[in-house]
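Small disclaimer: the values here were computed from a predicted structure and weren't measured. Here is how names work: the chains are called A, B, and so on, in the same order as the sequence lines, proteins then strands, and each is numbered from 1. When reading the values below, keep in mind they use all heavy atoms of this one structure, side chains included, and skip hydrogens, waters and symmetry mates.
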2 protein chains.
Amino acid sequence: MTARSSSESARDIPEATVARLPVYLRALNALADDGIRTCSSEELALSAGVNSAKLRKDLSYLGSYGTRGVGYDVDYLRYQIAREIGVTQDWPVVIVGIGNLGHALANYSGFRSRGFRVVALLDADETRHGEVVAGVDVRAFGDLEEIVETHGVAIGVIATPAGAAQDVADRMVGCGITSILNFAPSVIVVPEGVDVRKVDLSIELQILAYHEQRKANVT
Amino acid sequence: MTARSSSESARDIPEATVARLPVYLRALNALADDGIRTCSSEELALSAGVNSAKLRKDLSYLGSYGTRGVGYDVDYLRYQIAREIGVTQDWPVVIVGIGNLGHALANYSGFRSRGFRVVALLDADETRHGEVVAGVDVRAFGDLEEIVETHGVAIGVIATPAGAAQDVADRMVGCGITSILNFAPSVIVVPEGVDVRKVDLSIELQILAYHEQRKANVT
DNA sequence: CTCAATTTGTTCTCGCGTTCACAAACTCCT
DNA sequence: AGGAGTTTGTGAACGCGAGAACAAATTGAG
Ligand SMILES: NC(=O)c1ccc[n+]([C@@H]2O[C@H](COP(=O)([O-])OP(=O)(O)OC[C@H]3O[C@@H](n4cnc5c(N)ncnc54)[C@H](O)[C@@H]3O)[C@@H](O)[C@H]2O)c1
Ligand SMILES: NC(=O)c1ccc[n+]([C@@H]2O[C@H](COP(=O)([O-])OP(=O)(O)OC[C@H]3O[C@@H](n4cnc5c(N)ncnc54)[C@H](O)[C@@H]3O)[C@@H](O)[C@H]2O)c1
């Protein structure tokens, strides 16, 4: 209701919903690939692996893009979600730490297809410089500032050992990066206004181990 | 209070707490490496990146392992958390899909040091068979059942393309695996009693992109 | 021994997220 | 045109987790 000036979707979307929108987008892309042009909240919820009421409520935060009695137009909804998330535009990304994981990330094609473009691969180890991974040169970490400025990079990925993560984060923040994805198993501290998300494989396994142990103990 | 027979910590720990226990364990290990033998909830919370009240509440689910006026004994608490999570024992793990990501995972030393042992690397692609990664042979996916039985594997990791993930999961469940870590960007369906956790890098980046876009729009 | 200082364990309150349930809106068939 | 069937969008109830606040327990000094 409260139409806010001419600017459109300015109301804030709950964080839990934001985290699910990419899942819906993925499910919609899969449906579109199968030639499906329309779907109900029930069908979409099924392929996204969530409850249909939750799906509808999530979508309602974006606006009323469905038709009662009919469902959602796959292409239209797909575009609306992509626009809301911000993946209709291209996001330049730098990856720091081109070891085992960094190589895998650089080679990952799912990046590009979802609106992210790896513009630079940086590593402190001189012996890695000049190597070309997935068409991108590995360069010196010292080139960070120049690259960020040139390409207008806002998102950085940390794939260095834990000990270097805070230093890398500081340098990233220092030259204007405001979103960081951290794969190193360490807590990094950043100023307000900078977003950090962490991915920690060991933690995921430990959570599984906890539940596994409980299953065994019940027996 | 309600001491439950002779069996000890049988009450259930909130999921949100379970997800943080590995973070505390990591922080405690770092403190121990620095030679610190005792710490307060405030100090531990700081290095784990959480609120100290939350930390104390989390730890209280495990029991009363601290001393009022003093704090926590680092080694003792470390052991108690490790025991609760189940990482005092060794968990055999199989990884399926030895491509870019599978290689990185197989080479990751953080696995072993946290109680997980990669007992097999499996891939459907014959040309990969026989390759040795981090001391482990890449074998045929068809060997899954034999390996799971031989080593008593309960945890499986999926690093195949999305299209193969459900099939791999079905085979894993079929031979007794009850915990799955899925890196493929697809929803996999499993019977009740089987735990699945997913890690999706693209989703993490899209969440960052959303917030990044909002920062830009406010300007 | 007593008292001040410290720090844990727990209670209480608040807000967010999930889910149910249903009115509103749309389609299609007769 | 009207009514039956379908499906969305949302109000309301509920449960869980976060954080503030405090009582209980311990230490150490005088
Ligand atoms: N490999 C995995 O599957 C995996 C899984 C989960 C987490 N991780 C974490 O991801 C990180 C990277 O893992 P990895 O296996 O690729 O390690 P790695 O040792 O293979 O690679 C780390 C790279 O970072 C570079 N580096 C070190 N310090 C740097 C600095 N200050 N600036 C720039 N580059 C620097 C090194 O030269 C090296 O190339 C680690 O923190 C690890 O714990 C890895
Ligand atoms: N590389 C990354 O950094 C990255 C990041 C995020 C997510 N992912 C996801 O992880 C998965 C693996 O990525 P990748 O880059 O390693 O891909 P990849 O193509 O390099 O490797 C996939 C491997 O799986 C094997 N495989 C295919 N079907 C199989 C089956 N039915 N059984 C067993 N093995 C099978 C292939 O032979 C191949 O070796 C993909 O789903 C990808 O979307 C990868």
Side-chain angles (χ1 to χ4, degrees), chain A residues 1-3 9 11-24 27-28 31 36-74 76-78 80-81 84 187 207 210-211, chain B residues 1-3 9 11-24 27-28 31 36-78 80-81 84 207 210-211:
Chain A
M1 287 301 156
T2 56
S9 60
R11 76 226 97 146
D12 48 332
I13 297 178
E15 194 55 35
T17 297
V18 171
R20 282 187 294 265
L21 290 179
V23 179
Y24 303 153
L28 285 167
L31 292 178
I36 296 170
R37 310 189 66 84
T38 289
C39 71
S40 69
S41 64
E42 201 71 48
E43 293 165 323
L44 184 53
L46 187 71
S47 57
V50 302
N51 178 296
S52 69
K54 180 151 62 178
L55 170 74
R56 287 199 300 278
K57 178 153 267 190
D58 283 342
L59 294 183
S60 75
Y61 290 113
L62 314 192
S64 275
Y65 296 133
T67 308
R68 298 176 190 217
V70 179
Y72 301 91
D73 181 277
V74 172
Y76 184 58
L77 184 57
R78 195 155 65 131
Q80 293 300 340
I81 294 179
E84 189 69 41
V187 175
I207 294 170
Y210 169 79
H211 292 295
Chain B
M1 288 302 158
T2 56
S9 60
R11 77 224 96 147
D12 48 333
I13 297 178
E15 194 56 34
T17 296
V18 172
R20 282 188 295 267
L21 289 179
V23 179
Y24 302 153
L28 285 166
L31 292 177
I36 297 170
R37 310 189 65 84
T38 288
C39 70
S40 69
S41 64
E42 201 72 46
E43 294 165 323
L44 183 53
L46 187 69
S47 57
V50 300
N51 179 295
S52 70
K54 182 152 59 178
L55 170 75
R56 287 199 300 276
K57 183 171 246 186
D58 283 340
L59 294 183
S60 75
Y61 290 113
L62 314 192
S64 276
Y65 296 134
T67 309
R68 299 176 190 217
V70 179
Y72 300 92
D73 182 278
V74 171
D75 266 342
Y76 183 59
L77 184 56
R78 195 154 65 131
Q80 293 300 339
I81 294 179
E84 189 69 39
I207 294 170
Y210 169 80
H211 292 296

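Asn51(B) pairs by the side chain to side chain donor-acceptor pair (under 3.5 Å) definition with nothing, not counting sequence neighbours. Qualifying salt bridge (Lys or Arg N to Asp or Glu O under 4.0 Å) partners for Asp75(B), counting only residues two or more places apart in sequence or in other chains: Arg78(B).
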Provide a list of protein-nucleic acid N or O atom pairs under 3.5 angstrom, restricted to nucleotides 12-18 of chain C.
residue: dC12(C); atom: N4; partner: Lys57(B); partner atom: NZ; Å: 3.3
residue: dT18(C); atom: OP1; partner: Arg20(A); partner atom: NH1; Å: 2.8
residue: dT18(C); atom: OP2; partner: Arg20(A); partner atom: NH1; Å: 3.4
residue: dT18(C); atom: OP2; partner: Arg20(A); partner atom: NH2; Å: 2.9

Please tabulate, one pair per line, each protein N/O and nucleotide N/O from nucleotides 1-3 of chain C that are separated by under 3.5 Å, including the distance.
none

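Note that CG of Leu28(A) is 5.0 Å distant from CD1 of Ile81(A), once rounded to the nearest 0.5 Å. Atom CD of Glu84(B) is separated from atom CG of Leu59(B) by 11.0 Å, given to the nearest 0.5 angstrom.
Residues Val74(B) and Leu44(B) have side chains not in contact (no heavy-atom distance under 4.5 Å, counting atoms from C-beta outward). At a threshold of 4.5 Å between non-hydrogen side-chain atoms, the residues Tyr210(B) and Ile13(A) count as touching.
For Asp73(B) and dT7(C), the CG to C1' distance is 15 Å, given to the nearest whole Å. The interatomic distance linking Leu62(B) (CG) with dT8(C) (C1') rounds to 14 Å, in whole Å.
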Could you write nucleotides 21-30 of chain C as a row of B, S and -, 5' to 3', where a protein heavy atom under 4.0 Å of any base atom gives B, of only sugar-phosphate atoms gives S, and otherwise -?
B-BBBBS---
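Listed by first and then second residue, the salt bridge (Lys or Arg N to Asp or Glu O under 4.0 Å) pairs involving residues 42-56 of chain A amount to none (not counting sequence neighbours).
Nearest heavy atom pair, residue Asp73(A) against residue Tyr76(A), reads OD1-N, 2.9 Å. When every heavy atom of Ser41(B) is checked against every heavy atom of Ser52(B), the shortest pair comes out as O-CB, 3.9 Å. Listed here is the closest heavy atom pair of Ala45(A) and Leu55(A): N-CD2, 3.6 Å. In plain terms, the two heavy atoms of Ser40(A) and Tyr72(A) that are nearest each other are C-CD1, 4.4 Å.
The nucleotide range of DNA chain D contacted by chain A, defined by atoms under 4.0 angstrom from heavy atoms of the protein and reported 5' to 3', is dT6(D) to dA12(D).
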Indicate every side-chain donor-acceptor pair of residues 17-24 of chain B with a distance under 3.5 Å to a residue at least two apart or in another chain.
residue: Thr17(B); atom: OG1; partner: Asp58(B); partner atom: OD1; Å: 2.6
residue: Arg20(B); atom: NE; partner: Tyr24(B); partner atom: OH; Å: 3.4
residue: Arg20(B); atom: NE; partner: Asp58(B); partner atom: OD2; Å: 2.7
residue: Arg20(B); atom: NH2; partner: Asp58(B); partner atom: OD1; Å: 3.1
residue: Arg20(B); atom: NH2; partner: Asp58(B); partner atom: OD2; Å: 3.3
residue: Tyr24(B); atom: OH; partner: Asp58(B); partner atom: OD2; Å: 2.5

